[in-house]
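Here the structure is laid out as structure tokens; the discussion comes afterwards.
Predicted model only: the values in this text are computed from it and were never measured. Heavy atoms only: backbone and side chains are in, while hydrogens, waters and symmetry mates are out.
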Amino acid sequence: MKPIWIVDDDQSIRFVLEKALAREDLPVRSFTNPRDVLTALDDDEPQVLVSDIRMPGGSGIDLLSKVKARLPGLPVIIMTAYSDLDSAVSAFQGGAFEYLPKPFDLTKAIELIRRAVDESVREDVADERLQQMPEMLGQAPAMQDVFRAIGRLSQSNVTVLITGESGAGKELVAHALHKHSPRANGPFVAINTAAIPKDLLESELFGHERGAFTGAQTMRRGRFEQADGGTLFLDEIGDMPFDLQTRLLRVLSDGQFYRVGGHHPLKANVRVIAATHQNLEDRVRQGVFREDLFHRLNVIRLRLPPLRERREDVPTLARFFMQKSAKDLGVEAKRISESALARLMAFDFPGNVRQLENICHWLTVMAPAQVIESKDLPPELMGVAPLAPAVLPEGLGTAPLAQAVAPATAAAPSGGGSVTFAPAPVAPAYAAPVEQPPGALSPMDAWSRPPVPAMPAAPSGPAAVNGWLSDLEREARGLLDAGQTDVWDQLTRRFEACLIHTALDLTRGRRIEAAQKLGIGRNTITRKIQELGIDD
């Protein structure tokens, strides 16, 4: 393992940390100023960097920015005095892993460094895996079925119907089918038939001649012509207007079509891949989808599983989206703790991969620290019980980078098909809310519970929850009616203080045990105690 670098002009600080880390069998290298650190980086690099904030010859904040520019994934711990909290904020904005207030408790300092080392090792392994990832990867058995189907279809021009919930990544599968087909050098053209008005869809598909309708001032090639020699992906085919289905059927039958307003038949050598979140058999029975078109499209059916059926792929998907969001925003990528990952894996994700991507983007913007804990997750996940740690795959799992882009909305599942490479049909619709045990806190409950006096034996169950929620509502209403402008901060501070007081009371003041009971990090509870002025 690479050494931990200590940067401090105070010899006593360096000595104490060197001896303590040596007892933990952790290699150490010490520096007295930032200039020597930057020079040493030319030949070596640390596992973790621990730096003072005020030193002769440069500040820890400046060092942080320069080190991060060269080693973006390196955990940096900034040591700072209690009176220098503005600098601590700057440290977090600059991408610091955590800050360590002086004077510090040596045991807690070593715990923090050990956590940073563990995170650094985990990131090194994950970065190596990400660099080795192919275009699509998934450890879940349901995804392996999809990959096998793509492999079998790689040298075929047969029409494929992809079914699956919105947000599962159907267009990505269509891209993969095109890329690994004999048409890979041809164009891949996609059109969402549900997103284009009926009056314009015909022109979009088949093109139009000049003067065919008002506004048609020039001839326009349609998507079939644009996709000549390649692949045309018809997304949400189940929503195509009934009269256009007849024209599409004719093209699929003999390859000929007419532009709108045209009189000469055109031919296009196009492979059609269609996708839908709907049950086309039901649409046929309802009389809104042509049965002959259904059979023409349903040559090979490939079902894409929703994210809840491949939960083991969530960790690396989340890791990838965190890196992607950080790159898009130009900030340091945040890390997700195992407890937060367990809660993510337990969530059903009605919006599938797109919803996970949105959550990771939200966390990149809103999470207060570089390591995301369970308490930092958005409200819709707060009422979800985390999966047991044993469920987490080794190395935080591996998942398809190809799922990085997916449709945004949730939808009903699609049914099975006569020919399929995929597992059994989708489970029943997922729109119903996640069922919670009696007395469980809702997402809003978890964020807004006010302080309540300690009681020998507090009642439990729905009645008790409703009782204090009513108290919260009255308190909030009173503050709002009084014209208070910091109601959120007031109630949140009281809620957090109540939780921490209760946990410390149960553990007789033992902070680490209290943090474990609350499901937060050791350093988080220490920081909250300082911020809230709690006397434990």
Side-chain angles (χ1 to χ4, degrees), residues 149 152-153 156-166 170-171 173-174 177-178 181 183 189-208 222-304 411-422 424-426:
R152 293 169 187 165
L153 293 167
S156 171
N157 284 320
V158 67
T159 301
V160 178
L161 176 63
I162 305 171
T163 62
E165 297 173 5
S166 291
K170 297 187 288 296
E171 184 169 348
V173 175
L177 287 168
H178 170 73
S181 76
R183 298 173 174 267
V189 178
I191 181 171
N192 187 323
T193 60
I196 299 174
K198 175 183 176 182
D199 295 339
L200 299 179
L201 183 57
E202 184 177 14
S203 173
E204 283 289 324
L205 285 171
F206 306 111
H208 61 255
R223 301 301 175 91
F224 270 95
E225 288 183 79
Q226 295 171 19
D228 188 34
T231 302
L232 177 62
F233 176 55
L234 301 175
D235 199 7
E236 303 301 350
I237 191 70
D239 296 302
M240 175 175 278
F242 194 84
D243 52 349
L244 280 184
Q245 294 175 26
T246 303
R247 291 203 62 184
L248 177 60
L249 177 63
R250 178 168 297 177
V251 179
L252 294 177
S253 300
D254 56 22
Q256 290 190 350
F257 63 94
Y258 292 84
R259 295 194 189 110
V260 177
H263 302 287
H264 302 288
L266 302 172
K267 289 186 70 71
N269 177 19
V270 174
R271 180 194 191 182
V272 172
I273 297 176
T276 181
H277 69 273
Q278 303 203 48
N279 187 317
L280 289 187
E281 289 94 335
D282 286 347
R283 301 281 288 174
V284 170
R285 284 192 290 269
Q286 294 164 10
V288 293
F289 199 86
R290 291 183 62 103
E291 184 174 7
D292 45 4
L293 177 59
F294 167 69
H295 291 301
R296 177 69 65 175
L297 294 171
N298 193 38
V299 179
I300 296 292
R301 182 181 298 199
L302 199 162
R303 174 185 175 269
L304 190 60
S414 53
S418 57
V419 182
T420 179
F421 286 113
V426 189

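Note that CD1 of I300 is 10.5 Å distant from CG of L177, once rounded to the nearest 0.5 Å. The structure places CG of L252 at 6.5 Å from CG of L293, a figure rounded to the nearest 0.5 Å. E171 contributes atom CD, which lies 10.5 Å from atom CD1 of I273 (distance to the nearest 0.5 angstrom). From L302, atom CG reaches atom CZ of R152 across 10.0 Å, with rounding to the nearest 0.5 Å. If you take CZ on F294 and CG on L249, they are separated by 13.5 Å, rounding to the nearest 0.5 Å. To the nearest 0.5 Å, atoms CG (L248) and CE (M240) are separated by 5.0 Å.
The backbone N or O of R250 lies less than 3.5 Å from no partner atom in the side chain of Q256, so there is not a single donor-acceptor pair. Within the 3.5 Å criterion, the main-chain N or O of G164 finds no donor-acceptor partner in the side chain of R303. Put simply, the side chain of R283 never gets that close to the backbone of D239: no donor and acceptor are under 3.5 Å apart. Remark: side-chain polar atoms of D235 are not paired, donor with acceptor, to backbone N or O of I191 under 3.5 angstrom. Within the 3.5 Å criterion, the main-chain N or O of E236 finds a donor-acceptor partner in the side chain of T193. Without hydrogens or angle criteria, K170 side chain to E165 main chain gives a donor-acceptor distance under 3.5 Å. Within the 3.5 Å criterion, the main-chain N or O of L205 finds no donor-acceptor partner in the side chain of R223.
Side chains of R271 and V160 form a contact here, defined as non-hydrogen atoms less than 4.5 Å apart. Between P265 and F257, every side-chain heavy-atom pair lies at or beyond the 4.5 Å cut-off. Contact annotation: the side chain of T163 approaches that of T276 to within less than 4.5 Å [non-hydrogen atoms, C-beta and beyond].
Here the shortest heavy-atom pairing between A227 and L232 reads CB-CB, 4.1 Å. Considering every non-hydrogen atom in both L201 and P241, the closest pair reads CD2-CD, 3.6 Å. Closest heavy-atom contact between D292 and R290: OD2-NH2, 2.6 Å. Looking at every heavy atom in both residues, F242 comes nearest to G287 through CE1-O, 3.8 Å. Taking all atoms of both residues into account, the shortest heavy-atom contact from D228 to N269 is OD1-N, 2.7 Å. Residues L297 and A274 approach most closely at CD2-CB, 4.1 Å, considering heavy atoms.
Taking the side-chain hydrogen bond (donor to acceptor under 3.5 Å, both in side chains) definition, one finds that S181 meets it with nothing, sequence neighbours left out.
Applying the 6.0 Å contact sphere to CD of E291 captures no more than 12 heavy atoms from other residues, nucleotides or ligands.
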As a quick check of understanding, evaluate side chain to side chain contact (heavy atoms under 4.5 Å, CB included) for V189 and V270, giving each step before the final call.
CA-CA 10 Å; V189 178; V270 174; over 6 Å; no
Could you walk me through whether T159 and R296 pass the side chain to side chain contact (heavy atoms under 4.5 Å, CB included) test, one step at a time?
CA-CA 8 Å; T159 301; R296 177 69 65 175; over 6 Å; no
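Side-chain rings of F206 and F224 approach one another, their centers coming within less than 6.0 Å.
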